[in-house]
Amino acid sequence: MAGKPKLHYFNGRGLMESTRWLLAAAGVEFEEQFIKTPEDLDKLRNDGSLMFQQVPMVEIDGMKLVQSRAILNYIASKYNLYGRDLKERALIDMYAEGIADLGEMIIRLPLCPPDQKDANITRIKEKTANRYLPAFEKVLKSHGQDYLVGNRLSRVDIHLVELLYYVEEHDPSLLANFPLLKALKTRISNLPTMKKFLQPGSARKPPLDEKGLEQVKKIFRVP
Amino acid sequence: MTAKPKLYYFHGRGRMESIRWLLAAAGVEFEEEYVETREQYEKLLKDGRLLFEQVPLVEIDGMRLTQTRAILGYLAAKYNLYGKDLKETARINMYTDGTQDLMTIIIMAVFKSPQEKEESLAFAVSRAKTRYFPAFEKILKQHGEDFLVGNKFSLADIQLLEAILMVEELDASILSDFPLLKAFKTRISNIPTIKKFLQPGSPRKPPPDSHYVELVKHVLRF
């Protein structure tokens, strides 16, 4: 009998949040064990639970999976959110990697040195407006369908909508010129499982505040 | 009739090298078009072939695929190098994401200032020695099999060999504490398609030199 997946991470978005979104979208209940201190992380490492000494780690189906992409790929495959064939999967992967590239820039922002922050924010906005959002608007325009790939919900719709929420948190005006993306965001947000996840009290995590940032630095022993 | 895959990248390793390794290991012949000028790059952009304005680009089976991992995933599945079920694929992904992380440190190092480059490369060697190679040595020890996953040759084995050779270029003694990885290296290197790839005259690219770095910086304007 399979237990619920168990997520090991700190109590924040970071590199685990897209897994939370995907599990939620698939309607899969999961548990979370939060890393709160450096000692918690040490324990996981000493147990041999973390192949490369890193989190995220997800216990699922008898495996201790690390590496966010490996985790997302497994969950997407298992819950039929990865396209119908190799070619659809390739498209999904290509789009998902672009989303992850931009997502990672956003995740790293709180950790960058204060004197680089403005330059990084400018860079992120520029890439969002000129590279990433236009690419996805164009995909939706090219086929006119409700979902990015294969006329069917897949992981990449979830990943993109998650990203759009973050873009909106930073600067809502960035979405202004992308009507199809806005419509996708609304459509996906209205799926019953997503609607539930977007409500207060769900497993969704807020942005990192000062206190959260201090805790993260402590846990990962970042000077 | 299927045309050969066509690779678009600079004439060097970078992010395309893992793809060359995979195709070579699978015994698949491919063509390469080298991006050597800003104009060539702008033409690729204008033609709409680069979804996120980036190379690598691989044209295969009627698709214009960018994003290294998307390309590797498609090729691995197509050529049966991706495990026999979801769990094996998950393990292969976990292992290859690790080797990619390690190789990325080395790939990015050449674009840094001389001091930062030296620090990055030292960091890569340290990470190989204390984090990545011990993890893979442990896996080989635990199952005692010839290949990393499912007792069958997969993308994970190809990437690990690529990573080992890359780190050995920085520190020739890196495998001294890893007897199983040493045996693994010999074994995988002797697979006929890989043996061929490791010989001079193959599509394998040399380590980046200053000319390569300047060219990439010039074409991509950074």
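A, B, ... follow the sequence lines: proteins, then strands. Residue 1 opens every chain. Just so you know, these numbers use all the heavy atoms, side chains as well, and skip hydrogens, waters and symmetry mates.
Tyr132(B) contributes atom OH, which lies 10.0 Å from atom CE of Met51(A) (distance to the nearest 0.5 angstrom). We find the CE-CG distance between Met94(A) and Leu65(B) to be 5.5 Å, quoted to the nearest 0.5 Å. Rounding to the nearest 0.5 Å gives a distance of 9.5 Å between CD of Gln53(A) and CZ of Arg127(B). Remark: Met94(B) CE to Leu65(A) CG distance equals 5.5 Å, nearest 0.5 Å.
Of all heavy-atom pairs spanning Leu86(A) and Tyr74(B), the tightest one is O-CD1, 3.6 Å. The heavy-atom pair separating Ala90(A) from Ala70(B) by the smallest distance is O-CB, 3.9 Å. Of all non-hydrogen atoms in Lys87(A) and Asp61(B), the two that sit nearest each other are NZ-O, 2.7 Å.
Counting heavy-atom neighbours within 6.0 Å of Glu29(A) CD, excluding the residue itself, gives a total of 12 or less. Lys36(A) NZ: 12 or fewer foreign heavy atoms inside a 6.0 Å radius. In Glu104(A), the CD atom is crowded: over 12 heavy atoms of neighbouring residues, nucleotides or ligands sit closer than 6.0 Å. No more than 12 heavy atoms of other residues, nucleotides or ligands sit less than 6.0 Å from atom CZ of Arg108(A).
There is no contact between Phe133(B) and chain A, counting heavy-atom distances below 4.5 Å. Using a 4.5 Å cut-off between heavy atoms, Asn130(A) contacts chain B through its backbone alone, with no side-chain atom that close. For Phe136(A), the part sitting under 4.5 Å from any heavy atom of chain B is the side chain, from C-beta outward, and nothing else. If you measure heavy-atom distances from Met63(A) to chain B, the contacts under 4.5 Å come from the side chain alone. For Arg89(A), the part sitting under 4.5 Å from any heavy atom of chain B is the side chain, from C-beta outward, and nothing else.
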Practice task
Check the pair Lys78(A) / Leu86(B) against side chain to side chain contact (heavy atoms under 4.5 Å, CB included), numbers first and verdict last.
Solution key: CA-CA 8 Å; Lys78(A) 180 172 175 170; Leu86(B) 290 197; 4.2 Å; yes
Exercise for the section: Give the intermediate values and the outcome of side chain to side chain contact (heavy atoms under 4.5 Å, CB included) for residues Asp101(A) and Gln67(B). Expected result: CA-CA 10 Å; Asp101(A) 280 351; Gln67(B) 291 291 347; 3.4 Å; yes
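Interface with chain A: from residues 44-53 of chain B, residues Leu51(B), Phe52(B), Glu53(B) qualify, criterion being any non-hydrogen pair under 4.5 Å. For residues 137-170 of chain B, heavy-atom neighbours of chain A at less than 4.5 Å comprise Lys138(B), Ile139(B), sorted by residue number.
Of the listed residues Val139(A), Asn73(A), Val66(A), the one with more heavy-atom pairs under 4.5 angstrom with chain B than any other is Val66(A). Each of Gln54(B), Met63(B), Lys87(B) has some count of heavy-atom pairs under 4.5 Å with chain A, and the biggest count is that of Lys87(B).
Separation of the Phe52(A) and Tyr95(B) ring centroids does not fall under the 6.0 Å cut-off.
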